[in-house]
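Both backbone and side-chain heavy atoms feed into the values below; hydrogens, waters and symmetry mates do not. By convention in this document, chain letters (A, B, ...) are assigned in the order of the sequence lines, proteins followed by strands, and residues within each chain are numbered from 1. Keep in mind the model is a prediction, meaning the values are calculated, not measured.
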Amino acid sequence: MQASPTRSASTASLGSWYRENARDLPWRRPEFLVEFGAWGILVSEFMLQQTPVARVIPHLKAWLARWPSPAALAQATPAEVVHQWANLGYPRRALWLHRAAQEIVARHSGDTPRDVPALLALPGIGDYTARAVAVFAFGDRHPVVDTNTRRVIARAIHGRAQPAPPSRRDLDDMALLLPADDAEAAVVNAAMMELGATLCGARRAVCEPCPLSTTCAWHAAGHPAGEDRRRRQAAYEGSDRQARGGVLRALRNAVEHQLPAMAVIPEWPDATQRDRAIDSLIADGLVEAQDDELRLPR
DNA sequence: GATGCGTGGCA
DNA sequence: TTGCCAAGCAT
């Protein structure tokens with residue numbers, strides 16, 4: 001399917017809206033790319049995977065101050081990396097980022113790759129992150145689809161309140177919205193994400209200032225609730241994830257206070273669950289067992 | 001395609 | 001308070 005006049009009009013208004021309304025975020029500033037290059041974008045995208053923007057910003061600055069290049073991070077130990085990750089959540093991302101840095105050094109001469117297949121081959125990088133780096137760091141033309149983009153497409157294009165579960169077809173939907181020019185396509189990618197993050201929210205949509213409101217299928221239909229096929233998040237209280245988080249928090253705390261790990265492992269109501277959490281952390285490489293003692297991995 | 005995987009703010 | 005939500009990825 002080729003570009004329709006209606007769609008062209010929509011994306012054109014998106015670009016001007018973005019240039020006037022985009023938030024001033026660190027990784028969008030020209031000096032950020034000058035100082036840290038594509039590596040800075042890659043690190044920001046790792047941290048932004050499922051972690052809110054406001055929590056990422058201070059951690060990103062500290063991380064890049066300590067490890068401003070893939071070569072610098074590649075020389076760190078897993079323990080340093082997991083500790084620096086702190087409370088960002090999903091700490092396996094820290095290990096993946098560390099391994100990605102080592103592979104960039106080993107296989108790409110320390111330069112963050114530009115090609116999507118090369119990016120996809122790095123640990124912790126999937127369809128979203130690979131294209132986000134290629135587009136926002138290198139200016140190439142690819143569809144970038146995250147949870148915000150999916151929601152905006154579901155509403156503006158398909159007239160549904162909520163997107164269907166993530167699918168590779170989402171990339172095709174987004175590709176159809178991209179203008180031919182590389183730089184403009186990057187702006188449209190960013191604008192769709194920005195719309196979902198600001199006006200077109202999961203809980204609430206503010207349509208009056210939206211550049212897509214005049215062509216939005218969901219708006220035209222009167223905001224029907226529709227079917228919600230989103231995956232429900234499992235309860236966190238009392239979960240294995242909470243137990244893993246408690247153990248890892250204790251190990252980070254042990255490092256900071258130079259205490260033996262077992263002295264700071266919190267009492268856990270369910271010892272079986274605590275041991276299962278420790279075993280799974282060891283299996284993930286996030287924790288190391290040595291002489292009946294636990295520690296962050298060397 | 002469905003699950004497991006952290007953490008904290010907000011309604 | 002409880003549940004929802006957040007620039008996803010690997011298996």
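Remark: P of C:dT11 and CZ of A:R92 are 9 Å apart, rounded to the nearest angstrom. For A:R249 and B:dT7, the CZ to P distance is 5 Å, given to the nearest whole Å.
A:E35 has no carboxylate O lying under 4.0 Å from a charged side-chain N of A:K61, or vice versa, which leaves the two without a salt bridge.
Relative to the six-membered ring of A:W218, A:R155 meets both conditions, a distance below 6.0 Å and an angle of at most 45° to the axis.
Side-chain atoms of A:T51 stay outside donor-acceptor range of the base of B:dG8, with no qualifying N/O pair under 3.5 Å. A:R241 contributes no side-chain N or O that forms a donor-acceptor pair with the base of B:dT7 under 3.5 Å. The base of C:dA7 lies outside donor-acceptor range of the side chain of A:E194, with no N or O pair under 3.5 Å.
Between A:R169 and A:R231, the residue anchored nearer the 5' end of DNA chain B, judged by the nucleotide with its closest heavy atom, is A:R169. Between A:I125 and A:E45, the residue whose closest nucleotide on DNA chain C is further toward the 5' end is A:E45.
Candidate nucleotides C:dA7, C:dC9, C:dC5 were compared by shortest atom distance to the side chain of A:A202, and C:dC5 ranks first. When the nucleotides C:dA6, B:dT7, C:dC9 are ranked by their closest atom to the side chain of A:T147, C:dA6 comes out on top. Among the nucleotides C:dA6, B:dG9, C:dA7, the one closest to the side chain of A:R203 is B:dG9.
Side chains of A:T149 and A:D146: a donor on one and an acceptor on the other come within 3.5 Å.
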